[in-house]
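Single-structure report; data block below.
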Amino acid sequence: MTDIVIIDYKNGGNLFSVNNSLESIGANTQLSSDPKVIESASKIVFPGVGSFAKAITSLKDLGIYDVLIKKIQDDIPVLAVCVGMQALFQSSTETAGIGNGVKGMGIIPAEVTKFDQKPGIKIPHMGWNAVHNHNPENPLFKGIPQDSHFYFVHSYRVDDQELEGYSKATTDYGEQFISHVWNGRNLFACQFHPEKSAKVGLQLLENFMRL
Amino acid sequence: MLSKRIIPCLDVDKGRVVKGTNFVGIRDAGDPVELADHYYKEGADELCFLDITASHEERKATYKIIEATAKQVFIPLTVGGGVNSCDDVAKLLQAGADKVGINSGAVRNPKLIREAANHFGSQCVVIAIDVKRIGKSWNVFVRGGREDTGLDALEWIKQVTDLGAGEILLTSMDADGTKAGYDLDITSKAASLVNIPVIASGGAGNCQDIVDAFEAGADAALLASLLHYKELTIAEIKQKMLEAKISTRY
């Protein structure tokens, strides 16, 4: 039986690394873009591939968009990664150039914006950075010390703000931004890539698998 | 704060590691997958394979080792060597590489940088540049350092950045193999010239050399024989970085 369905939203990106990392910890996984398979999933990974607008448009074209929202509302464990995390928000300034007008899923009430240009701050934010202030109750971080380093690659982020109903973890990059959000129940969103984050990343994925 | 990265680099020919390695406790020191796994477990922040396979046909071995590595090594993997088209980039990414290094192919056809960046995202386009000091400046060399292009290195670095490169892998041919330290001069000039990461390569002889490169502005340090011959371990390097108050993942 499949434990985890990885949403393949046909964006031309590399989903193998998410799949490889989950398989390495013994998860039964299935890559799928079939709404029926996702509908019946008991756990979902929503990976980060491509741009914000393309992600949303592909989800809609494949008929996955509403299914995914329903699964999140049904309290099925969902792990959203990178652009997957961003897609959960209301909108992104990434759509200013291409895909103008494409809105996010609107599950988390905030906007995704680009890092501010500052001296010494290179964009994209690429490499290993520490994740601070995760909620000690957050089951995804079980056994993972505060301030552990995870691997990031992104130019857009959710800047630090109150997100009502969510607990957050933060990362410093010329500012403090939100690198993880948890709704206190089933929805976990990571701006970093656990599948590229060595031991702590695998630990996080294993925690998700054991939920 | 973003960590400075330590990147072991393996030269691979027809699916085998060349430039001998000197490991105890590894079943097959010529197996790139085993070596990659060894460095992963030792705390490498990323890995780099430089594919020096000459013939197109024999490159299939490279894809196989990338696939096998990506199944057990969960840090970013860059693969370079012989990349001349978007199709070459796609094949390496499909095999499981996270980033692709382009060297001579970018000099021959600079448009390839923009095409690859548009198609796959800047973050996976690493432009590898081999430079040699000529008087007061540096020239870009291609074909494994055999051919002087006459291009000024700093101008080329600026140009590839404007075309959409996500990262610069900067190898000093003068320093390479000397163990006398990285060329800090070109490293710092490059790092202050562009707003994308610069990976220093060539010349490291000890931990202090690596610290010096970071202090000169490098975002990452590429290491080969120093690690392969066990002259240094990644743990020793990171310890020294901590002492020097350089941000590192440990």
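First the proteins, then the strands, lettered A, B, ... as listed; each starts at 1.
- Taking B:A70, B:A191, B:P76, B:G43 one by one and counting their heavy-atom pairs under 4.5 Å with chain A, the maximum is reached by B:P76.
- In this structure, chain B has a heavy atom under 4.5 Å from the backbone of A:I123, while its side chain stays farther away.
- In terms of heavy atoms, B:K71 sits closest to A:N20 at CG-OD1, 3.6 Å.
- Within a 6.0 Å radius of NZ in A:K142, no more than 12 heavy atoms belonging to other residues, nucleotides or ligands are found.
- Ranked by heavy-atom pairs shorter than 4.5 Å toward chain A, the options B:K41, B:R5, B:K99 are led by B:K99.
- Between B:G166 and A:M126 the shortest heavy-atom distance is O-CE, 3.9 Å.
- Contact annotation for A:Q117: only side-chain heavy atoms (C-beta onward) come within less than 4.5 Å of a heavy atom of chain B.
- The shortest distance between side-chain heavy atoms of A:W128 and B:I75 falls below 4.5 Å.
- Neither the backbone nor the side chain of A:H193 comes within less than 4.5 Å of any heavy atom of chain B.
- When each of B:V73, B:V194, B:L77, B:D219 is scored by its heavy-atom pairs under 4.5 Å with chain A, the top score falls to B:D219.
- Contact of the B:N195 side chain with the A:K122 side chain is registered, since non-hydrogen atoms from C-beta on lie closer than 4.5 Å.
- Here the closest non-hydrogen pair linking A:N129 and B:L2 is ND2-N, 3.5 Å.
- There is no contact between B:Q72 and chain A, counting heavy-atom distances below 4.5 Å.
- Few gaps surround CD on B:E243; more than 12 heavy atoms of other groups in view lie less than 6.0 Å from it.
- Looking at A:S21, both its backbone and its side chain come within 4.5 Å of chain B, counting heavy atoms on both sides.
- Proximity to chain A is absent for every atom of B:S192, based on heavy atoms less than 4.5 angstrom apart.
- In this structure, the side chains of A:Y151 and B:D45 stay at 4.5 Å or more apart for every pair of heavy atoms.
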